[in-house]
Amino acid sequence: HIGFVNALFTSKCEGLVAYGGFIGGTLAVYFYLRVKKLDFWSLADCTTPSLVMGLGFTRIGCFLAGAINGLGSLLYYAALKDLPASLGQLLYALYPLFVALFSILDKQPLSRLTILRVSLAVVAVVLLTLNIGSVNIPISAVLMMIGSAALYALHIPINQRVLYEI
């Protein structure tokens with residue numbers, strides 16, 4: 001049993017995303033109800049279905065966030081096979097464009113500075129990815145890298161929502 005307790009406190013232990021908050025919250029409520037001399041088990045009977053459902057939704061959110069991150073990584077490394085690393089990183093650095101797009105879809109306002117930064121980045125990428133001279137840049141690799149940046153940008157707000165809910 002000591003190995004399990006040690007595993008709870010190591011950073012290499014996956015799969016315990018929300019359980020620390022669940023266990024800590026349960027202990028805090030238990031001690032609070034004990035101080036107030038209220039029955040813990042009556043409250044537990046009422047709240048257990050909601051807690052279990054919340055843990056289920058949390059696990060689904062964590063799974064989706066991991067899947068999006070994993071797919072983005074696959075696209076990134078597949079694109080690097082055909083792109084120079086410097087151009088690949090420049091394309092990947094377009095993720096603020098997608099963060100801004102997702103913010104607009106979430107009805108959050110963008111500042112003028114954000115709009116200026118994203119506009120300059122897009123112009124730079126368009127100029128650097130045009131097939132000028134003897135350099136031939138495969139469009140499929142460019143699209144994979146941009147897709148990777150979009151998935152990374154989607155990963156950020158999803159993780160914020162998942163972590164906020166935990």
Side-chain angles (χ1 to χ4, degrees), residues 3-25 50-166:
F4 174 73
V5 173
N6 286 339
L8 285 175
F9 297 105
T10 61
S11 63
K12 296 178 183 177
C13 187
E14 292 91 11
L16 297 175
V17 176
Y19 300 122
F22 175 74
I23 292 168
S50 300
L51 291 173
V52 171
M53 192 168 65
L55 282 173
F57 286 133
T58 301
R59 297 306 302 156
I60 291 169
C62 290
F63 172 76
L64 290 176
I68 289 170
N69 190 30
L71 181 59
S73 295
L74 289 173
L75 288 175
Y76 179 83
Y77 290 112
L80 276 182
K81 181 182 69 159
D82 297 326
L83 286 177
S86 59
L87 180 59
Q89 189 58 38
L90 175 71
L91 291 169
Y92 190 72
L94 274 180
Y95 80 87
L97 168 70
F98 296 104
V99 171
L101 177 66
F102 297 140
S103 295
I104 291 170
L105 293 175
D106 198 26
K107 296 180 177 53
Q108 296 178 11
L110 298 179
S111 69
R112 289 184 187 148
L113 183 59
T114 299
I115 294 170
L116 176 66
R117 288 176 180 167
V118 168
S119 301
L120 289 174
V122 169
V123 169
V125 166
V126 167
L127 291 175
L128 290 171
T129 56
L130 291 176
N131 289 332
I132 299 174
S134 63
V135 178
N136 187 14
I137 300 170
I139 191 69
S140 62
V142 170
L143 292 175
M144 281 192 291
M145 191 59 76
I146 291 173
S148 174
L151 288 172
Y152 178 70
L154 183 60
H155 182 258
I156 293 171
I158 286 177
N159 277 343
Q160 287 176 340
R161 298 279 169 109
V162 168
L163 292 176
Y164 178 76
E165 296 298 327
I166 290 175

Least distance between heavy atoms, [X] atom then [Y] atom:
{"X": "Leu91", "Y": "Met145", "answer": "CB-CG, 3.5 Å"}
{"X": "Ala65", "Y": "His155", "answer": "O-CD2, 3.2 Å"}
{"X": "Gly88", "Y": "Leu80", "answer": "CA-CD2, 4.5 Å"}
{"X": "Ala100", "Y": "Leu110", "answer": "CB-CD1, 3.8 Å"}

Side chain to side chain contact (heavy atoms under 4.5 Å, CB included) partners for [X], two or more places apart:
{"X": "Leu71", "answer": "Leu151"}
{"X": "Leu97", "answer": "Val118, Val122"}
{"X": "Ser140", "answer": "Pro138"}

* Taking side chain as C-beta onward, heavy atoms only, is Leu51 less than 4.5 Å from Leu55? ->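 Not touching, per the 4.5 Å side-chain cut-off.
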* For residues 109-120, pull every pair meeting side chain to side chain donor-acceptor pair (under 3.5 Å), keeping only residues two or more places apart or in separate chains. => Ser111-Thr114
* Between CG on residue Leu116 and CG on residue Leu120, distance to nearest 0.5 Å ->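 The CG atom of Leu120 is 4.5 Å from CG of Leu116, to the nearest 0.5 Å.
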* To do: Provide the full list of ring pair (Phe, Tyr, Trp, His ring centres under 6.0 Å) pairs with a residue in residues 55-94, sequence neighbours left out, each pair given once.
  =>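 Output for this query lists Tyr76-Tyr92, Tyr92-Tyr152.
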* **ring pair (Phe, Tyr, Trp, His ring centres under 6.0 Å) pairs, two or more places apart, involving residues 98-117** =>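 Counting only pairs at least two positions apart or across chains, no ring pair (Phe, Tyr, Trp, His ring centres under 6.0 Å) contact touches residues 98-117.
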* Asked: Taking the side chain from Ser148 and the backbone from Gly72, do they hold a donor-acceptor pair closer than 3.5 Å?
  -> yes
